[in-house]
Amino acid sequence: MKRTLIHNATIVNEGQSAKGSVVIEDGRIAEVLTNRKPLSAPCDETIDATGCYLLPGIIDDHVHFRDPGLTHKADILTESRAAAAGGVTSIMDMPNTTPATTTLDALNAKFDLLNEKCIVNHSCYFGATNDNYSEFGKLDKHRVCGIKLFMGSSTGNMLVDKMNSLLNIFNGTDMLIAAHCEDQETIKNNLTKYKDMFAGENDIPIGKHPYIRSSAACYASSELAVRLARIAGARLHILHVSTAKELQLFNDYSLSEKHITAEACVAHLLFTLSDYRTLGTRIKCNPAIKKQADRDALRAAVDSGLIDVIATDHAPHLLSEKEGGASKAMSGMPMIQFSLVSMLQLVDEGVFTLETIVEKMCHAPAQIYRINERGYIREGYRADLVLVRPDTPWEVTADKVLSKCGWSPLEGHTFNWKVERTFANGHPVYSDGMVDDAYRGEELRFGE
């Protein structure tokens, strides 16, 4: 059995950073060597990690890999390569595809595609509709990461806007409910207002997008979701929190005490309203990028424990689909390849500590979703690891973008951190997203 030694790294794990080495054997972490602990046996391969940091592989609980039906802009293979190149070793795919993952047949077909094409570890959500909650009891809770609930605009028939349906969903499962929260009636009224205001224009200016998908729309929907979850005693995870006001709905208890948790996305931690002037529709997403005060509040909430997870909402579109303004341009952007280095940049800026990034991108998703044997650097756990090197400047250019859509809102930006190598189940994935021997990731398992 081949033994690989990652030697002389700074290991960042469970709130601490310490010089040490890790041995990978048979897809698992065989030894964690700190405090001068010696090797138990020789290794076949040694990777000199001097000057590097070794982190658990990133777990992204919020991606849209577009398979099936929308593969002109992205597919599982291309996006999982982008993920691995960026240090992401596990993903959870969203159900708003074509067809939507809202039936057991569509769910099984999605897993077949993931197992065939995905080079990182994976699961997917079952999408809730107004009338499919009777199917929840048939789901394999050890295989399906959760129920995705759109309480705002969505693809196809996935908007759940009937109170009876919401009550049935929240009372009908002990699985995690991951909710997109934006009040549709508020958005509709705002959109009508701005269409009238710019009736003579080709489209509503992109800078009005955060006023259409407003803070009030986010808060009204999130408040309802939290209220329903508390009444039902449900496990609720509010996705892509984007406003300062929503933060009052959460608490800073230890994660083990929480039934209601919150996610912030990389884009909402990086960009502000002023960035629409230079990036335009490239940063159009739902919920919208909002004011600097909202971004700063989200950053503070990550540190305080009100926000539990940092994810991407990776959602590729072709640039031709991003043309227009607040009404016509599609919402979403590719972020997964550069999510980790973006957050490491905020470490350099003093916004977060490295230990906090590992907590929010590795440990917390593993704990919230009850993922088996991943998310930590522990002996016996799956060898999902990422080796990153600081003080290595490089520029994001279009030719480096591995997402099928071929662009990034971060083009032209220089990062000082570089992902040297990613290990998924001990298997090396290189910075170009390529793997040996047509390797494919494994299905994530939950709560076993």
Side-chain angles (χ1 to χ4, degrees), residues 52-53 55 58 60 62-63 73-74 78-79 81-88 206-207 209-210 240 242 264-285 288-292 294-296 298-299 302 310-319 322 329-354 356-357 360-361 386-422 430-433:
C52 292
Y53 291 80
L55 320 179
I58 304 305
D60 194 334
H62 192 165
V63 307
K73 65 182 83 182
T78 59
E79 306 317 293
R81 281 180 171 163
V88 178
I206 184 58
H209 184 55
H240 42 42
S242 63
C265 284
V266 170
H268 295 108
L269 294 170
L270 290 182
F271 302 122
T272 69
L273 184 63
S274 65
D275 291 308
Y276 289 112
R277 291 197 294 267
T278 53
L279 294 171
T281 59
R282 289 191 175 211
I283 58 167
K284 182 175 185 262
C285 57
I289 305 295
K290 297 183 174 69
K291 297 177 181 178
Q292 181 174 333
D294 293 298
R295 186 197 68 179
D296 292 348
L298 292 174
R299 290 178 172 186
V302 168
I310 297 173
T312 61
D313 192 10
H314 176 79
H317 295 288
L318 300 182
L319 277 177
K322 299 289 284 182
M330 287 191 173
S331 294
M333 65 190 92
M335 292 298 289
I336 201 165
Q337 185 177 347
F338 310 117
S339 61
L340 175 57
V341 291
S342 293
M343 294 300 95
L344 293 175
Q345 172 184 297
L346 296 187
V347 171
D348 284 347
E349 293 175 10
V351 177
F352 304 128
T353 66
L354 195 48
T356 295
I357 295 303
K360 304 300 181 178
M361 300 184 83
V386 55
L387 197 62
V388 293
R389 185 179 295 278
D391 304 318
T392 310
W394 63 280
E395 183 182 347
V396 178
T397 53
D399 62 297
K400 292 185 175 75
V401 175
L402 298 178
S403 291
K404 195 174 190 177
C405 64
W407 65 275
S408 168
L410 295 165
E411 284 175 56
H413 186 83
T414 296
F415 288 108
N416 288 318
W417 288 80
K418 182 180 179 182
V419 174
E420 292 268 295
R421 198 176 303 185
T422 303
Y430 299 96
S431 58
D432 59 1

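Because the structure is predicted, anything quoted here is derived from the model rather than measured.
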With a 4.5 Å cut-off on side-chain heavy atoms, are [Y] and [X] touching?
X: D275; Y: R295; answer: no
X: T281; Y: I283; answer: no
X: C265; Y: T312; answer: no
X: L387; Y: V419; answer: no
X: V396; Y: F415; answer: yes

Taking [X] for the side chain and [Y] for the main chain, is one N or O donor matched with an acceptor at less than 3.5 Å?
X: Y276; Y: H209; value: no
X: Q337; Y: L402; value: yes
X: H62; Y: A311; value: no
X: T422; Y: A84; value: yes

For the residue pair [X] and [Y], what are the closest heavy atoms and their distance?
X: F352; Y: R299; result: CE2-O, 3.3 Å
X: M333; Y: W407; result: CB-CH2, 4.0 Å
X: L346; Y: L269; result: CD1-O, 4.1 Å
X: C405; Y: P316; result: SG-CB, 3.9 Å
X: D294; Y: S242; result: CB-O, 3.6 Å
X: L410; Y: M335; result: CD1-CE, 4.2 Å

So H240 and H268, would you call those rings parallel, tilted or perpendicular, with 30° and 60° as cut-offs? perpendicular

Can you tell me if [X] and [Y] form a side-chain donor-acceptor pair at under 3.5 Å?
X: K322; Y: H317; answer: no
X: S403; Y: E79; answer: yes
X: S331; Y: K284; answer: yes
X: W394; Y: N416; answer: no
X: S342; Y: S339; answer: no
X: E395; Y: H413; answer: no

Listed partners of K418 passing side chain to side chain donor-acceptor pair (under 3.5 Å), at least two apart: none

Start with the C-alpha gap between V302 and K360, add the side-chain angles, then the distance that decides, and say whether side-chain contact (heavy atoms from CB on, under 4.5 Å) holds. CA-CA 8 Å; V302 168; K360 304 300 181 178; 3.9 Å; yes

If you apply the rule side-chain contact (heavy atoms from CB on, under 4.5 Å), what do you find for V388 with L344, and how did you get there? CA-CA 10 Å; V388 293; L344 293 175; 4.3 Å; yes

Under the criterion side-chain contact (heavy atoms from CB on, under 4.5 Å), I'd like the reasoning laid out for V266 against I310: C-alpha separation, chi angles, the key distance, then a yes or no. CA-CA 7 Å; V266 170; I310 297 173; 4.0 Å; yes

Taking salt bridge (Lys or Arg N to Asp or Glu O under 4.0 Å) as the test, write out the residues that go with E411, two or more places apart.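 So E411 forms a salt bridge (Lys or Arg N to Asp or Glu O under 4.0 Å) with R282.
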
K400 NZ to F338 CZ distance, which is reported to the nearest 0.5 Å: 8.5 Å

